[in-house]
Every structure is written in C-alpha cells, then in structure tokens.
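Everything numeric here is computed off the predicted structure, so don't read it as measured data. Just the heavy atoms: all of them, side chains too, but no hydrogens, waters or symmetry mates, feed the values below.
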Amino acid sequence: MTDLGPRYKWIALSNTTLGMLIATINSSIVLIALPDIFKGIGINPLEPANTGYLLWMIMGFLVVTAVLVVSFGRLGDMYGRARMYNMGFAVFTVSSVMLAITWFDGDAAALWLIGWRIVQGVGGAFLMANSSAILTDAFPANQRGLALGINGVAAIAGSFLGLVVGGVLAPINWNLIFLVSVPFGIVGTIWAYLKLHDTGIRKHARMDWWGNITFAVGLVAVLVGITYGIQPYGTAPTGWGSPFVLSCLIGGFAVLVAFVVIETRVDNPLFNLSLFRIKAFTWGNVANLCASLGRGGLQFILIIWLQGIWLPQHGYTFEQTPLWAGIYMLPMTVGFLVSAPASGMLSDRVGGRLLSSGGLAITAVTFALLIVLPVDFDYWAFAGILLLNGIGMGMFSSPNRAEVMNSLPADARGSGAGMMTTFQNSAMVLSIGFFFSLIIAGLSRDLPSTMSQGLMAHGVPSGSAEQLAHLPAVAVLFAAFLGYNPIQQLLGPQLTQLPPDQASFLTGRGFFPNLISGPFSAGLTVAFVFAIGVCVLGAVASLLTGKPEVVAEERETVGEELAGVAGEL
C-alpha cells in the first residue's frame with residue numbers, strides 16, 4: 001500500500017464523509033418536498049394514473065443504488081477505487097444540476113425528474129460502493145471502526161437532515177432542494193480529483209458481463225415487483241396478486257438463481273462467493289440485512305404517524321406537517337450521532353461483536369416500546385424512544401461495518417463493500433414495501449366502514465360517503481405522507497354542497513387523525529412485531545461473527561496519530 005503520509009487518511013475520511021452526506025441527504029430530501037414538486041410541475045400524485053410517478057420518485061434512488069453498487073465496487077477493485085469514487089461525485093453533481101433546471105410541466109417533467117433521479121442514483125452508487133473501501137485502504141485495522149463510524153454517521157444523519165432541509169427549502173422553491181447539492185458536489189469533485197489516491201491493491205480482471213446482466217435484471221425485477229406491490233390491483237388494496245407483480249417477483253428470483261449458478265462457473269465473478277467462507281463477512285452481512293429489514297421502513301411509518309395523526313391533533317395544519325415531522329424526528333439522528341463514532345472507536349479496542357449485537361437488542365426494545373406507546377402520545381416519551389433507537393442503530397452500524405470490512409482481503413474490498421450495500425439497500429426497499437403493505441392492509445380492513453359512518457354523520461350523502469370510503473387505502477396513506485389534507489382531497493367540490501360548519505369540521509385537524517388512528521395502530525403493531533423479530537435475529541448473527549483479528553504493528557492509537565499530524569502542520 002502506498003504511503004502518502006499521516007495526513008492522507010484524514011483527507012480521505014473528510015472527503016468520503018462529505019460524499020456520503022450529500023448522497024444520503026438527496027435520498028431523503030425528496031420525501032418532504034414531494035407536495036411542492038408535484039404542485040410545481042402541475043400533477044396530482046394521488047390520481048391513480050400518477051401513483052407510479054410518486055412511487056418512483058420515492059423508491060427509484062434506492063433501487064438504482066441497490067442494483068449497481070456491487071458492479072461499481074468491482075470496477076473500483078479493478079481500475080482504482082478513488083477513480084470510480086471521483087466519477088461518482090462528478091455524475092452526482094451533473095445530475096443535481098439537471099434536476100434543478102427542470103423546465104417542463106406535467107408528465108414530461110415527472111419523467112425528466114425520475115430519469116435524472118436514476119442518474120443521480122448511479123452517482124450515489126459509485127460513492128457508496130467505494131467510500132468504505134477507500135477508508136479501509138487508508139486506515140490501519142485498529143482505527144477503521146472510528147473512520148467507518150464517522151462515515152456511517154454521515155450516511156444515517158444525511159437521511160434525516162434531508163427531511164429538514166427539504167422541509168425548509170421546498171416551500172420557497174422546489175428546485176432549491178436539488179440546487180443546494182451543486183456547490184458541495186463541485187467542491188467535492190475537485191477535492192477528490194486532486195487529493196484522493198488509489199492506495200489499495202488493484203486486481204485487473206475481465207468483467208463478468210453475464211453476471212452483471214443477470215444480477216441487474218433479476219434484482220431490478222424483484223425491486224420493481226415490491227414497488228408495485230404497494231399499489232392497489234382491481235378490488236384488492238395491494239398489488240401482490242397482480243400478474244405483473246407476480247411475474248416480476250417469480251421471474252426476478254429465477255434470474256437471480258441463474259446468476260448464482262453463473263457466479264460459480266466464471267473465473268472472475270461479480271459476486272465473489274468465496275468471501276462467504278469468511279465467518280465475519282457472512283454473519284456480519286446477515287446481521288446488516290436483518291437490521292435493514294427492521295428499520296428500513298421505520299422512517300416512512302414515523303413520518304405518516306406524525307403527519308397524518310399526531311401533528312394535526314396538536315395544532316399543526318396539514319401543510320405544516322412535513323417540515324415539523326422532520327424536526328420532531330431529530331432525536332433519532334442525535335442518538336446516532338452520539339453513539340456511532342463512540343461505538344466505532346470502542347470497537348477498535350474491544351471488537352465489534354458484542355457492541356453490534358447489543359445495538360440491535362436495544363433497537364428491538366425500542367420497537368416494543370413503540371407498540372405500547374399510544375397513537376396520541378406524549379412527545380417526550382416518543383422523543384426518548386427515538387433517541388434510544390438512534391443509539392441502538394449507531395451501536396450496531398459502525399462496529400458491524402468495521403467487522404465486515406476488516407475481514408476482507410485487500411483486493412476484494414470494493415466488491416465486498418458493494419455486496420454489503422446491496423444487501424442493505426435491497427432490504428430497505430423490501431422493508432418499505434412490507435411496512436406499507438401491513439399498514440394498507442390494516443386500513444383497508446377497518447377504514448371503509450369507519451369513514452363511511454363518519455362522513456354520513458356530518459352531512460355527506462350516503463352514496464358519496466360509500467364511494468369515498470372504498471377508494472384505495474394507499475391514496476389515504478399517501479395523502480397523509482405528502483402533507484395534504486386527505487378529506488379535502490377526497491371530497492373536493494362536494495365540500496361546497498355541505499353546511500359550512502360541517503365542511504370545516506371534516507377538513508379540520510381532528511376528524512381525519514381520529515378516523516385512521518385505530519386502523520393505523522393495528523398495522524403498526526404487526527409491522528413493529530416483525531421488526532423486533534428480525535432485529536433479534538440480527539443480534540444473534542452479530543454474535544456469530546467471531547473474534548476480531550487486529551494486526552499488531554497497526555496498534556497506534558487515534559490520539560497518537562492526530563497528535564503526530566498536528567505536530568507536522
């Protein structure tokens with residue numbers, strides 16, 4: 001490994017942390033800004049014909065990164081991780097510019113935004129696939145936990161900071177949510193080009209094209225099936241029985257089986273299956289997969305809980321709820337910011353097995369606490385649970401990443417990091433689909449009768465009330481998620497035919513939240529029980545990673561290293 005001096009590792013850490021921060025901010029910034037984006041381009045996302053646009057704006061970035069990170073990590077192993085990372089920064093910056101200058105309206109604008117969001121996901125995949133490998137190359141084994149912990153803090157903190165940044169900027173001008181990334185992207189691209197170097201071992205080999213093709217086709221099909229499984233099909237509240245969804249899922253899994261067979265027969269496979277002979281790599285990835293399944297949909301569920309029920313009940317208009325939902329979820333980010341670097345540093349000294357296992361156990365406890373929390377909760381109890389959840393996730397994340405990356409041979413760090421990110425992002429998409437489906441199932445079972453009775457009790461004609469009550473539950477769910485006034489959206493012109501006091505009550509802050517509290521609570525319980533189960537499985541998997549091996553000559557402490565660097569400045 002090339003010796004670039006003691007300063008280089010901190011340059012690598014600061015640049016990759018910036019890259020992960022803007023990548024993950026952009027993965028979530030759109031969530032809060034969606035109402036302003038669709039209003040700005042003149043589309044109603046709640047119309048059945050437009051829900052595809054809505055879903056791809058939410059899920060497209062995750063799907064693309066999940067599919068491409070392994071291939072881009074492999075390219076980093078072959079042609080240089082810093083080179084691929086630099087390319088990612090450039091692609092990300094260009095796509096941010098193109099998103100910010102959208103000049104279309106209607107369907108053309110929606111397709112333009114989705115297309116460039118996919119390109120932005122390509123840039124994000126380059127950054128995600130190679131940042132961990134760059135840090136693993138730059139830092140000695142006994143300091144990687146801290147480095148990967150700080151990098152992980154940026155990744156998770158960015159996903160929550162994006163909610164607040166989007167909530168602040170979107171009401172001013174929705175184009176700003178993309179424009180804000182441009183100066184950071186330009187600085188990061190130039191900085192990475194000038195300062196980052198390939199210090200790891202390159203492994204030149206032929207690209208596994210059949211492996212790349214089958215993996216991409218199979219995973220895209222599965223993730224598309226999950227994405228469209230959330231939408232209604234015919235009279236069913238979800239689309240899991242749709243021929244298209246079933247074809248995507250069954251066909252996708254069949255292609256992925258073919259991919260595994262191909263990987264056992266080629267000389268330079270995309271997925272280096274021999275890495276799974278490494279105990280820490282295998283069980284560390286199982287734990288990460290379980291953790292992502294458990295917490296991947298949590299952000300969406302909490303946003304709906306706050307925006308659709310709790311915030312309106314506590315004096316906030318529906319238009320104000322997106323920003324305040326991001327603000328009220330900050331305790332989770334604070335917990336993660338505190339625990340991730342600390343647990344990463346501690347894992348450098350004592351190993352990450354017990355820390356990561358304990359972190360998932362704490363996370364499982366927080367899901368149990370959320371089950372017993374009333375839907376109309378006291379905020380400080382909610383904030384305390386979110387803080388503890390963030391602490392648990394931070395305790396798991398940094399030691400887990402360090403355990404997995406430390407276990408990899410030097411020439412497989414890019415592909416190994418890509419495999420880990422693929423498992424994580426794919427599990428998050430699956431988790432979102434699963435959580436949404438459970439909530440939709442709960443709403444579809446109980447909401448029609450409750451809504452019909454409630455609307456008729458306040459002057460809505462029985463025919464109209466029955467028709468509205470049997471609209472797809474996903475429309476009600478997305479209305480709450482987008483910060484729209486759901487009843488106002490559903491009733492539309494019919495509001496003018498009602499007495500003013502009844503119309504005001506139906507569109508006020510109390511009717512809709514009280515209407516969905518019961519059905520929503522039932523769905524929450526099932527979703528959180530599932531999350532508890534997978535977190536417990538992940539905690540057990542973490543215990544099975546084995547004891548860490550730290551190279552003796554690399555035992556210089558972080559404090560000594562920083563002091564040495566400061567002395568040279």
*Asks:* State, to 0.1 Å, how close Met98 and Trp112 come at their nearest heavy-atom pair, and which atoms those are.
*Replies:*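 For Met98 and Trp112, the tightest heavy-atom pair comes out as O-NE1, 3.1 Å.
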*Asks:* With rounding to the nearest 0.5 Å, note down the distance linking CD1 in Ile37 to CE in Met57.
*Replies:*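 Between atom CD1 of Ile37 and atom CE of Met57 there are 4.0 Å.
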*Asks:* Distance-only check: which donor-acceptor pairs under 3.5 Å involve side-chain atoms of residues 361-377, not counting sequence neighbours?
*Replies:*
from, atom 1, to, atom 2, distance (Å)
Thr363, OG1, Gly359, O, 2.9
Thr366, OG1, Thr363, O, 2.5
Thr366, OG1, Asn389, ND2, 2.9
Asp376, OD1, His314, NE2, 3.3

*Asks:* To check you understand the geometry: which heavy-atom pair defines the closest contact between Arg117 and Phe61, and what is its length?
*Replies:*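 Closest heavy-atom pair between Arg117 and Phe61: NH2-CB, 3.6 Å.
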*Asks:* Got a second to check how far Phe104's CZ is from Ile41's CD1, nearest 0.5 Å?
*Replies:*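 If I round to the nearest 0.5 Å, the distance is 11.5 Å.
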*Asks:* Working to the nearest 0.5 Å, report the span between CZ of Phe244 and OH of Tyr228.
*Replies:*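 Result: 6.0 Å between the selected atoms.
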*Asks:* Evaluate the side-chain contact (heavy atoms from CB on, under 4.5 Å) criterion for residues Leu430 and Leu293: first the C-alpha distance (whole Å), next the side-chain angles of each, then the deciding distance (0.1 Å), finally the verdict.
*Replies:* CA-CA 7 Å; Leu430 179 58; Leu293 281 172; 3.5 Å; yes
*Asks:* Measure the spacing between CD1 of Ile301 and CZ of Arg295 and express it to the nearest 0.5 Å.
*Replies:*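 The distance works out to 16.0 Å.
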*Asks:* Any side-chain heavy-atom pair from Ile303 and Met329 closer than 4.5 angstrom?
*Replies:*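 Yes, side chains in contact.
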*Asks:* Do Leu360 and Met395 pass the side-chain contact (heavy atoms from CB on, under 4.5 Å) test, and can you show the C-alpha distance, the side-chain angles, and the key distance before you say yes or no?
*Replies:* CA-CA 8 Å; Leu360 280 185; Met395 281 180 61; over 6 Å; no
*Asks:* My understanding is that only one of Tyr379, Trp310, Tyr316 makes a side-chain hydrogen bond (donor to acceptor under 3.5 Å, both in side chains) with Tyr328; could you say which?
*Replies:*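 So, applying the side-chain hydrogen bond (donor to acceptor under 3.5 Å, both in side chains) to Tyr328 and each of Tyr379, Trp310, Tyr316, only Tyr316 qualifies.
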*Asks:* Report yes if the side chains of Asp378 and Phe382 come closer than 4.5 Å at any heavy-atom pair, otherwise no.
*Replies:*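 SC-SC contact between Asp378 and Phe382 ruled out.
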*Asks:* I'd like to know if the side chain of Ser356 and the backbone of Phe396 have a donor-acceptor N/O pair within less than 3.5 Å.
*Replies:*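 Not confirmed, Ser356 side chain does not pair with Phe396 backbone.
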*Asks:* Is there side-chain contact between Ile101 and Leu179, with at least one heavy-atom pair below 4.5 Å?
*Replies:*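 The answer is no; the side chains never approach within 4.5 Å.
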*Asks:* Given side chains that start at C-beta, do those of Trp324 and Ile327 come closer than 4.5 Å, heavy atoms only?
*Replies:*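 Result yes, sub-4.5 Å side-chain heavy-atom pair found.
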*Asks:* I need the minimum non-hydrogen distance between Gly185 and Ile22, along with the two atoms involved.
*Replies:*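 Residues Gly185 and Ile22, closest heavy atoms: CA-CD1, 4.3 Å.
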*Asks:* Considering non-hydrogen atoms only, spot the tightest contact between Leu506 and Leu498 and give its length.
*Replies:*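 Closest heavy-atom pair between Leu506 and Leu498: CD1-CD1, 3.7 Å.
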*Asks:* Between the side chains of Gln424 and Asn285, does any donor sit under 3.5 Å from an acceptor?
*Replies:*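 No donor-acceptor contact under 3.5 Å links the two side chains.
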*Asks:* Taking only residues two or more places apart in sequence or in another chain, which ones pass side chain to side chain donor-acceptor pair (under 3.5 Å) with Ser181?
*Replies:*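 Residues passing side chain to side chain donor-acceptor pair (under 3.5 Å) with Ser181: Asn26.
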*Asks:* At what distance, to the nearest 0.5 angstrom, does CG of Leu386 lie from OG1 of Thr333?
*Replies:*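 Those atoms lie 9.0 Å apart.
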*Asks:* Would you check if the side chain of Thr24 reaches a backbone N or O of Met20 as a donor-acceptor pair within less than 3.5 Å?
*Replies:*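 The answer is yes, because a donor-acceptor pair under 3.5 Å joins these two groups.
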*Asks:* Please lay out, stage by stage, how Trp240 and Leu246 fare under the test side-chain contact (heavy atoms from CB on, under 4.5 Å).
*Replies:* CA-CA 7 Å; Trp240 297 110; Leu246 290 174; over 6 Å; no
*Asks:* Answer yes or no: is there a side-chain heavy-atom contact under 4.5 Å between Phe178 and Val30?
*Replies:*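 Sidechains of Val30 and Phe178: in contact.
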*Asks:* NE2 of His458 to OG of Ser504: how many Å apart, nearest 0.5 Å?
*Replies:*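 Answer rounded to 0.5 Å: 11.5 Å.
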*Asks:* Does one side chain, of Ser95 or Trp116, offer a donor that lies under 3.5 Å from an acceptor on the other?
*Replies:*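 No, Trp116 and Ser95 have no side-chain donor paired with an acceptor closer than 3.5 Å.
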*Asks:* For a quick test of your reading: what N or O donor-acceptor pairs under 3.5 Å do the side chains of residues 167-177 make, sequence neighbours left out?
*Replies:*
from, atom 1, to, atom 2, distance (Å)
Asn173, OD1, Asn175, N, 2.9
Asn175, ND2, Ala100, O, 2.8

*Asks:* Would you name the heavy atoms of Leu113 and Leu99 that are closest together and state the gap between them?
*Replies:*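 What the structure gives for the nearest pair is O-CD2, 3.5 Å.
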*Asks:* Would you mind reporting whether Val255 and Phe259 have side-chain heavy atoms less than 4.5 Å apart?
*Replies:*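 No, their side chains stay 4.5 Å or more apart.
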*Asks:* State, yes or no, whether a side-chain contact exists between Leu21 and Phe184 at a heavy-atom distance under 4.5 Å.
*Replies:*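 SC-SC contact between Leu21 and Phe184 ruled out.
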*Asks:* For Ser96 and Gln120, what are the C-alpha separation, side-chain angles and deciding distance, and is it a side-chain contact (heavy atoms from CB on, under 4.5 Å)?
*Replies:* CA-CA 7 Å; Ser96 297; Gln120 194 177 53; 3.1 Å; yes
*Asks:* Which pair of heavy atoms, one from Gly252 and one from Ala221, lies closest together, and at what distance?
*Replies:*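 Nearest pair, atom of Gly252 first, then Ala221: CA-CB, 3.7 Å.
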